[in-house]
There are 2 protein chains.
Amino acid sequence: MALHDRIRTEIEGQILSGALKPGDKVPSEHELMAHYGCSRMTVSKALTALSGAGLLQRRKRAGTVVAPRPTETMVLDVPDLAVEIARRGQAYRFRLIAREVRKARPEDALDDGLARAGPLLFVRGVHCADDVPIAHEARYISLAAVPEIVEADFTRESPGSWLLRHIPWTEAENRIGAVGADAAWAPLLNLEPGAACLSIERKTWRGEARITLVRQSFVAGSFELVARFGAA
Amino acid sequence: MALHDRIRTEIEGQILSGALKPGDKVPSEHELMAHYGCSRMTVSKALTALSGAGLLQRRKRAGTVVAPRPTETMVLDVPDLAVEIARRGQAYRFRLIAREVRKARPEDALDDGLARAGPLLFVRGVHCADDVPIAHEARYISLAAVPEIVEADFTRESPGSWLLRHIPWTEAENRIGAVGADAAWAPLLNLEPGAACLSIERKTWRGEARITLVRQSFVAGSFELVARFGAA
DNA sequence: ACGCATAATATGTCTATACATTATTTCGAA
DNA sequence: TTCGAAATAATGTATAGACATATTATGCGT
């Protein structure tokens, strides 16, 4: 292991083990280069990496301290639904229910960024695994941001995959919760209204421009999200 | 902005905009130092950062290429429930329902790591905001890993907060899904059995040793998880 | 043609140094 | 005493060079 990796690991270990608590001062670069007998660049690399990972906070002149609440963030895997279903050995299919170009309505409950973006493409459909419905999707796409989407064929490909291939986002936000199945789409998933569903609302941006908002509702037990923290 | 940050941002932009696609070769460090008129350390810093973020893959002699699947991972905020409720201006309270030391039973559906860890402390309780029940929690704690927990008082503090203060974990995994309220605890949350709940199952490790497994079920709408990707 | 040794290439690590930037501390003048 | 300027201590950025290491390309001998 490289020396800067060893330094990084040792300090990380002291933080994770609790030997160094949030707010504690970490030795300065000069003290560490004396301790390890190496140059300043090397210890700096280790400390900068830990700072980037959110474990340390560094301020000029004041020094380096352990960041508060070392970790209330985790890395969340957001699998592509088609890929995830294929990985289970099932056949993925997107069933298009509705598709129309229109303005935002109050009952859509859109955020301002998308509501003011002009005309929207509204798409509703169901994700299926081996023709068993797994999730309902309602999506709003800004035509100003993605004019070429009016040509897309969503009977074979989901809007999500199409967007991913054509215009990658630069920023995204997922809100994850639970919701009872709505009477409007519960029958599409063979559910009683009120049945438990995992709800994911995703907004994406490309620079300043809003691209899309999508609300997906997964039948309980059909889909799980996994978030991890720790050693790879 | 620092030069290495500028280089990093420009290449990142080309990847996110699609100008550079997965598998495409990125100019070598020598080409970039000629292009930007700087030293190799500077471009190396930019490329190493992008490699650490998962956008690039670097191999000696072969060069640097854009990583496949421009990162389907996001950063998930996992707020402490007590802090989150306090932030809403409500009073947090943990109501202890049951607490016992016993061996793992088949119906606990524990993973092998915890089931084989010896005697467990089993705790069940309800998280409340302004005395309104928000979530049910069932937790299993390895007494081998945390013997001093038998002294803890969970009538005032939740087991999660206690653990966080006493023995930080080094590794954790969250599984997030939806579940219908179980008849065993639905009344505690003033729910009908089968009502939609957000389900979070968390396992934590300290090095090789399993510490705890907790299953939390949140009343739909009472709690949301947020995951982000992109600029701050 | 084939396999193997060797050269070339690109990244990985590290040093020693220099100057810039930002807080903090110190100290002097009003 | 208090305010403000200057010294100081820490990190931030960057250079130029050196050697290490992994991988691919080349060419030689059979």
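Naming: A, B, ... by sequence-line order, numbering from 1 per chain.
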side-chain N/O A:T64 vs D:dT11 OP1/OP2, d < 4.0 Å: yes
Side-chain N,O (B:R40) to OP1/OP2 (D:dG17) below 4.0 Å: no
Counterpart residues, salt bridge (Lys or Arg N to Asp or Glu O under 4.0 Å), relative to A:R215 (two or more places apart): A:E201
Atom pair distance, as rounded to whole Å: CG in B:L32 and C1' in C:dA10: 12 Å
Salt bridge (Lys or Arg N to Asp or Glu O under 4.0 Å) partners of B:D5, counting only residues at least two apart: none
Proximal nucleotide (of C:dG12, D:dT24, D:dT15) relative to the B:K60 side chain: C:dG12
Nearest-angstrom distance from the residue atom CG of B:D5 to C1' of D:dA14: 13 Å
Nucleotide of D:dG12, C:dG12, D:dA14 approaching B:A2 most closely (side-chain heavy atoms): D:dA14
Test: A:E137 and A:R202 ion pair at under 4.0 Å: no
Distance, rounded to the nearest Å, where A:L56 contributes CG and D:dT11 contributes P: 11 Å
Protein-nucleotide distance (A:K45, atom NZ; D:dT13, atom P), rounded to Å: 15 Å
Check: A:R61 side chain, C:dT22 base, donor-acceptor under 3.5 Å: no
Whole-Å gap separating P (C:dT9) and CD (B:E29): 15 Å
Distance in angstrom units between A:Q57 CD and C:dT22 P, rounded: 18 Å
Whole angstrom value for the distance that separates C1' of D:dT13 from CG of A:L47: 15 Å
C:dC14 OP1/OP2 closer than 4.0 Å to side-chain N/O of A:H4: yes
Charged N-O contact under 4.0 Å between A:R95 and A:D131: no
Sugar-phosphate, base or nothing in reach of A:L3, heavy atoms under 4.0 Å: sugar-phosphate
hbond_proxy A:R59 side chain to D:dG12 base (donor-acceptor, 3.5 Å cutoff): no
Inter-residue atom distance A:E12.CD - A:L56.CG, 0.5 Å rounding: 9.5 Å
Any A:S39 side-chain N or O less than 4.0 Å from OP1/OP2 of C:dT17: no
Position toward the 5' end of DNA chain C (nearest nucleotide), A:T42 or B:V26: B:V26
Value in whole Å for how far the P atom of D:dG12 lies from CE of B:M41: 14 Å
